[in-house]
*Asks:* 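The following block contains the structure, expressed as structure tokens.
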Amino acid sequence: MNCRLCGSTNLASVVDLGATPPCELFLSAEQVDEPEMTYPLHLRLCTECLLAQLPPLITPEETFTEYAYFSSYSTSWVQHAKDFVEAQVARIEPGFVVEVASNDGYLLQHVVEKGIRCLGIEPSVNVGAAAREKGVPTVTEFLSPETGAAVRAEHGPADLVVANNVYAHIPDVVGFTKGLRALVADDGWVSIEVQHLLTLIELNQYDTIYHEHFQYYTVASAQKALASGGLSLVDVELVPTHGGSIRLLAQPAGNAGEPTQRVTDVLAREKAAGLHELAGYTEFARRVAGVRRDLLRFLVDAAARGRTVVGYGAPGKGNTLLNHCGIRPDLLSYTVDRNPYKHGRYTPGTRIPILPPEQIAVDKPDYVLVLPWNLRAELTAQLSYVGEWGGKLVFPIPHLEIVEVKS
């Protein structure tokens, strides 16, 4: 295995989660009795450029041509996007905005409302169709240098290019970055949001490791990745989404100013945590094993006491957790999800049925295991009714926590 950023063969093991199916390939009822392909899920660190990465065992086409994730089902994420649009419009007054991996128009709908010209580039056919139904102009493409150049030739350069939660999803990080550079005006801005490897390591967020996330960034490795495509990091913001993310603000090399003090400060935090060398990663696998043992101990004990446990949510991260822990319907009878696309399907690998959220109120379980733990505040409010019958919420990450809720 060679590093996909610098080509080095010096890759060290960070954590090996065994072999699992791709996390978004939910099974239909007809597929439950059929075999599934599984792929190794082994995170490694390039000791040369510090890029944490998985081997590219699946292609983006296999995952994203039809996709089960619709961003708009998270109320807090839509609000986060709206706040971002408000701030960027006030900061740079863009005349043309392009979003890469624009999903169902969750962000660009706010740009459309302001009367600003925009375009979404979304590879998933079904999700892009939902965006167009909202009135968000969207093309169905994967970003490459050629796609970026073609969009620029037809629509002109973008004053702002947004790439939220996609920079980890592309195996050709250099080609994708060159595509971003092709889209953006010479004096324009690129804004990227991606999970911060610092919080992933510090808070045991190992369930965010899955096959469609090909790499995991510190600010140090993100700087190198951006430079590979002709972009320079100017500023960084720490944002709370997805358990802790970084917003990277970059401009074309040659026109970018010096990095801000915030860049210097975050780099210093990473270095203090040991993440600019291999030593900072050596204890992570041991802590991951502890999370697994604690969750399994709770579920086995609940079953032995005759307590009912169901899940809330069917996110990709949840499928990493369920598969790594070996959780089956005997320990988690079902999970629910707001996305109708997933209803009547089964989680990959573990084959736990996915039902509408209303089923929880019908069955009144003793415990609800919250799989999208990153939406803790939002979901604690949504699930407050569980307290009516004395039910409790269970959060598995960063450590097992059982929470009483008030209805």
Side-chain angles (χ1 to χ4, degrees), residues 2-8 11-12 14-15 41-56 60 100-101 143 161-181 190-251 259-260 262-278 280-281 284 316-317 320 374:
N2 288 51
C3 173
R4 66 173 55 92
L5 179 57
C6 73
S8 171
L11 277 78
V14 176
V15 65
L41 195 57
H42 189 174
L43 183 67
R44 296 176 172 90
L45 179 77
C46 175
T47 59
E48 302 295 327
C49 71
L50 301 176
L51 183 68
Q53 57 201 279
L54 298 176
V100 181
L143 182 64
V161 176
V162 183
N164 286 348
N165 300 321
V166 64
Y167 209 41
H169 291 71
I170 36 93
D172 182 7
V173 61
V174 176
F176 184 89
T177 307
K178 289 179 178 178
L180 295 175
R181 174 62 187 95
V190 174
S191 176
I192 297 171
E193 287 187 27
V194 68
Q195 187 183 22
H196 195 185
L197 186 57
L198 176 66
T199 53
L200 188 157
I201 295 292
E202 288 186 335
L203 300 180
N204 301 327
Q205 298 168 349
Y206 81 93
D207 55 343
T208 58
I209 300 170
Y210 40 87
H211 298 104
E212 66 184 61
H213 283 175
F214 293 98
Q215 51 263 338
Y216 304 78
Y217 296 96
T218 58
V219 170
S221 61
Q223 272 187 314
K224 296 182 176 72
L226 290 167
S228 73
L231 296 171
S232 294
L233 181 65
V234 176
D235 199 4
V236 64
E237 299 176 36
L238 299 179
V239 292
T241 55
H242 298 284
S245 298
I246 44 178
R247 178 180 293 148
L248 307 163
L249 296 167
Q251 289 192 290
T260 66
R262 289 195 291 193
V263 174
T264 302
D265 292 344
V266 178
L267 286 171
R269 281 188 58 189
E270 293 175 352
K271 185 174 182 179
L275 298 190
H276 293 178
E277 56 188 359
L278 182 59
Y281 301 85
F284 184 57
K317 60 168 60 71
T320 291
N374 55 299

*Asks:* Would you kindly say whether T177 and Y167 are connected by a side-chain donor-acceptor distance under 3.5 Å?
*Replies:*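 Distance-only check passes for T177 and Y167.
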*Asks:* Apply side-chain contact (heavy atoms from CB on, under 4.5 Å) to residues I201 and Y216 and explain how you reach the verdict.
*Replies:* CA-CA 10 Å; I201 295 292; Y216 304 78; over 6 Å; no
*Asks:* Check G230 against R181 and note the closest heavy-atom contact, atom names and distance.
*Replies:*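 It is O-CD, 3.8 Å.
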*Asks:* Could you list the residues that satisfy side chain to side chain donor-acceptor pair (under 3.5 Å) with N2, not counting sequence neighbours?
*Replies:*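 Not a single residue meets the side chain to side chain donor-acceptor pair (under 3.5 Å) criterion with N2.
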*Asks:* Starting at OG of S221, measure out to CG of L226 and round the result to the nearest 0.5 Å.
*Replies:*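 Spacing of OG (S221) from CG (L226) equals 9.5 Å.
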*Asks:* Do T320 side-chain atoms and I209 backbone N/O form a donor-acceptor pair below 3.5 Å?
*Replies:*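 Such a contact is found between T320 side chain and I209 backbone.
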*Asks:* With a 4.5 Å cut-off on side-chain heavy atoms, are S228 and L5 touching?
*Replies:*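 Sidechains of S228 and L5: in contact.
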*Asks:* Any non-hydrogen side-chain atom of V15 less than 4.5 Å from a side-chain atom of Y206?
*Replies:*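 No. Closest side-chain heavy atoms not under 4.5 Å.
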*Asks:* Kindly give the heavy-atom pair with the smallest separation between A250 and L231, and that separation in Å.
*Replies:*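 So the minimum-distance heavy-atom pair works out to CB-CB, 4.3 Å.
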*Asks:* Answer yes or no: is there a side-chain heavy-atom contact under 4.5 Å between V100 and F176?
*Replies:*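 The answer is yes; the side chains approach within 4.5 Å.
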*Asks:* For P171 and R4, work out which heavy atoms get closest and say how close.
*Replies:*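 In terms of heavy atoms, the two residues are closest at O-CD, 2.9 Å.
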*Asks:* Can you name the nearest heavy-atom pair linking A222 to L248, along with the distance?
*Replies:*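 That would be CB-CD1, 3.7 Å.
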*Asks:* If you round to the nearest 0.5 Å, how far is CG of N165 from OG1 of T241?
*Replies:*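 Between T241 OG1 and N165 CG, I get 6.5 Å after rounding to 0.5 Å.
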*Asks:* As an exercise, state the distance from CG of L11 to CG of L45, rounded to the nearest 0.5 Å.
*Replies:*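 Going from the CG atom of L11 to the CG atom of L45 covers 7.5 Å.
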*Asks:* Nearest 0.5 Å, what's the CD-CG distance between Q215 and L43?
*Replies:*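 Rounded to the nearest 0.5 Å, the CD-CG separation comes to 11.0 Å.
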*Asks:* Can you tell me which residue pairs pass the salt bridge (charged side-chain N to carboxylate O under 4.0 Å, His left out) test with a partner in residues 223-233, sequence neighbours excluded?
*Replies:*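 Checked against salt bridge (charged side-chain N to carboxylate O under 4.0 Å, His left out) - neighbours excluded - no pair reaches residues 223-233.
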*Asks:* Indicate yes or no: at least one non-hydrogen side-chain atom of R44 is less than 4.5 angstrom from one of P55.
*Replies:*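 Yes, side chains in contact.
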*Asks:* As an exercise, state the distance from NE2 of H196 to OG of S245, rounded to the nearest 0.5 Å.
*Replies:*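 Interatomic distance, H196 NE2 to S245 OG, rounded to 0.5 Å: 9.5 Å.
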*Asks:* Just so I know, are the side chains of I192 and Y217 near enough to count as touching, which here means a heavy-atom distance under 4.5 Å?
*Replies:*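 Not in contact.
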*Asks:* For L41 and L54, work out which heavy atoms get closest and say how close.
*Replies:*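 Distance-wise, the nearest heavy atoms are CD1-CD1, 3.7 Å.
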*Asks:* Passes side-chain contact (heavy atoms from CB on, under 4.5 Å), N374 versus K317? Steps please.
*Replies:* CA-CA 10 Å; N374 55 299; K317 60 168 60 71; 3.1 Å; yes
*Asks:* Checking the side chain of E270 only, and the main-chain atoms of T218 only, is there a donor and an acceptor separated by less than 3.5 Å?
*Replies:*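 Looks like no, no N/O pair under 3.5 Å.
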*Asks:* Just wondering, do L233 and L249 contact through their side chains at under 4.5 Å, heavy atoms?
*Replies:*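 They are not in side-chain contact.
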*Asks:* Quick check: do L50 and L275 have side-chain heavy atoms less than 4.5 Å from each other?
*Replies:*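 No, their side chains stay 4.5 Å or more apart.
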*Asks:* Please list all pairs passing the salt bridge (charged side-chain N to carboxylate O under 4.0 Å, His left out) test where one or both residues lie in residues 238-251, with sequence neighbours left out.
*Replies:*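 Sorted result for residues 238-251: E193-R247, E237-R247.
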*Asks:* Can you give me the closest heavy-atom contact between H213 and T208, atom names plus distance?
*Replies:*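 Smallest heavy-atom distance, with atoms named: ND1-O, 2.8 Å.
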*Asks:* Just verifying a value: how many Å separate L267 CG and Q223 CD, rounded to the nearest 0.5 Å?
*Replies:*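 L267 atom CG to Q223 atom CD measures 5.0 Å (nearest 0.5 Å).
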